[in-house]
Engineer: 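Let me give you the structure first, and then I'll get to my questions.
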Amino acid sequence: MDNISLSVIVPAYNEEENIKRITDRLSDLLENQMSYEIIFVDDGSKDGTWNFIEEEAKARPRVRGVRFSRNFGKEAAIFAGLSEALGSCAVVIDSDLQHPPEKILEMYKLWQSGYEVIECVKTDRGEESGLHRIMANGFYKIMSSFTKIDMKNASDFKLLDRKAIDALLSMPERNMFFRALSSWIGFKTCRVRFEVAERESGASKWSTSKLVEYALNNIASFSGLPLQGITFLGGISLIASVIFWIISVCCGVSGSSAGLYVILAAIFTVGGFIMVGMGFIGYYLNKVYEGIKCRPRYLVEEKCNAEKADK
Ligand code: UDP
Ligand code: MG
């Protein structure tokens, strides 16, 4: 095949009704526009998703498929797609057509004009049940405060230049959080707004318990703050102990019984020191955690006059 300029990565988990639909939409849209490939990553689907992917791959040479041995989650599917991609840039899109494929052309044009990371930002979360909406909003609020990245309207619908793809793939850490990491890497970034469409078929693949697991996983991979929360509690306990010591002394001086306050003061003092101590351990654990993630210290966007240094 000719040199591919755009790889479209489509993670799919139990999406048998949507494979043909999204392939048709993408092919109609991209044909004659650029040289492209569509990479489906079947994230261990239990329905006929893989059969549909194989069928499409047979009928269309631009379609490829990767099938996981079990459900590893959307993040893993995205990274598998990125490492398979041959394009000069790649776009990640949901298979349920909630991400309007037409936006790809707009993103592609921005990429041609020099942008390297083009993020699609939601203007609306579309059709979702009340509870799911509350869960999702709460989840993104917590995530944003821990990761320091605006997660509320962020989506995985992004176009990345080859440089950005290689930067992401160069990170050896196990727990990849695509949405946050693709912002973390930097590069020339711009944002495009899009309206979340209704799901074409099937239901959201995120159960509430999966969402909570996703949140905990990603907070842990992007923030060491919870490890140090215990220091804060230790501090409060020590302050309480000081108050109880003062009350005990006052009671002692005024001649009334100070027994209860002395016991409380002792408990809070010991508890406070233990918690602060654990907080210190947490601090070092966080350093070790940062270390084993082995993220690069920096990423170089470009160099000028670099050939002089080579001589
Ligand atoms: N997905 C996946 N693995 C999973 C869950 C979801 O590959 O374990 C895919 C799914 O097939 C879809 C995309 O990720 O293409 C978004 O999933 P979904 O529509 O369920 O999420 P929502 O739109 O509700 O955030
Ligand atoms: Mg969806």
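Order of appearance sets the numbers: ligands from 1, and atoms from 1 within every ligand.
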Engineer: So does Asp94 have any N/O/S atom less than 2.8 Å away from the Mg ion (ligand 2)?
Structural biologist: no
Engineer: Does Lys74 approach ligand 1 within less than 4.0 angstrom via side chain, backbone, both or neither, non-hydrogen atoms only?
Structural biologist: both
Engineer: Does this structure show an ion pair linking Glu119 with Lys158, if we count only N-O contacts that are shorter than 4.0 Å?
Structural biologist: yes
Engineer: Gln98 heavy atoms, cut-off 4.0 Å: which ligand 1 atoms fall inside?
Structural biologist: 19 (O), 23 (O)
Engineer: For ligand 1, find out whether one of its N or O atoms is nearer than 3.5 Å to an N or O atom of Pro11.
Structural biologist: yes
Engineer: Should the proximity of Asn14 to ligand 1, defined as any heavy atom under 4.0 Å, be assigned to the side chain, the backbone, both, or neither?
Structural biologist: neither
Engineer: Does Asp94 reach the main-chain N or O of Asp96 with its side chain, forming a donor-acceptor pair under 3.5 Å?
Structural biologist: no
Engineer: Which option, Asp43, Val92, Val10, owns the non-hydrogen atom nearest atom 3 (N) of ligand 1?
Structural biologist: Asp43
Engineer: Angle subtended at the Mg ion (ligand 2) by OD2 of Asp96 and OE1 of Gln98, to 10 degrees?
Structural biologist: 100°
Engineer: Which part of Asp94 is near ligand 1, with near meaning a heavy atom under 4.0 Å away: side chain, backbone, both or neither?
Structural biologist: both
Engineer: Inspect the contact between Arg67 and Asp43 and indicate whether a charged nitrogen and a carboxylate oxygen are less than 4.0 angstrom apart.
Structural biologist: no
Engineer: I'd like to know if the side chain of Ser7 and the backbone of Ala90 have a donor-acceptor N/O pair within less than 3.5 Å.
Structural biologist: no
Engineer: Should you measure from each heavy atom of Glu15, which atoms of ligand 1 turn up under 4.0 Å away?
Structural biologist: 10 (C), 11 (O), 12 (C), 15 (O)
Engineer: Identify the residue among Arg162, Lys163, Lys188 that makes a salt bridge (charged side-chain N to carboxylate O under 4.0 Å, His left out) with Glu116.
Structural biologist: Lys163
Engineer: Among pairs that include at least one residue of residues 243-279, which meet ring pair (Phe, Tyr, Trp, His ring centres under 6.0 Å), considering only residues two or more places apart or in two chains?
Structural biologist: Phe244-Phe268
Engineer: Please identify which atoms of ligand 1 are closer than 4.0 Å to at least one heavy atom of Ser95.
Structural biologist: 11 (O), 12 (C), 15 (O)
Engineer: Could you check whether Lys109 pairs with Glu106 (Lys NZ or Arg NE/NH1/NH2 to Asp/Glu carboxylate O, under 4.0 Å)?
Structural biologist: no
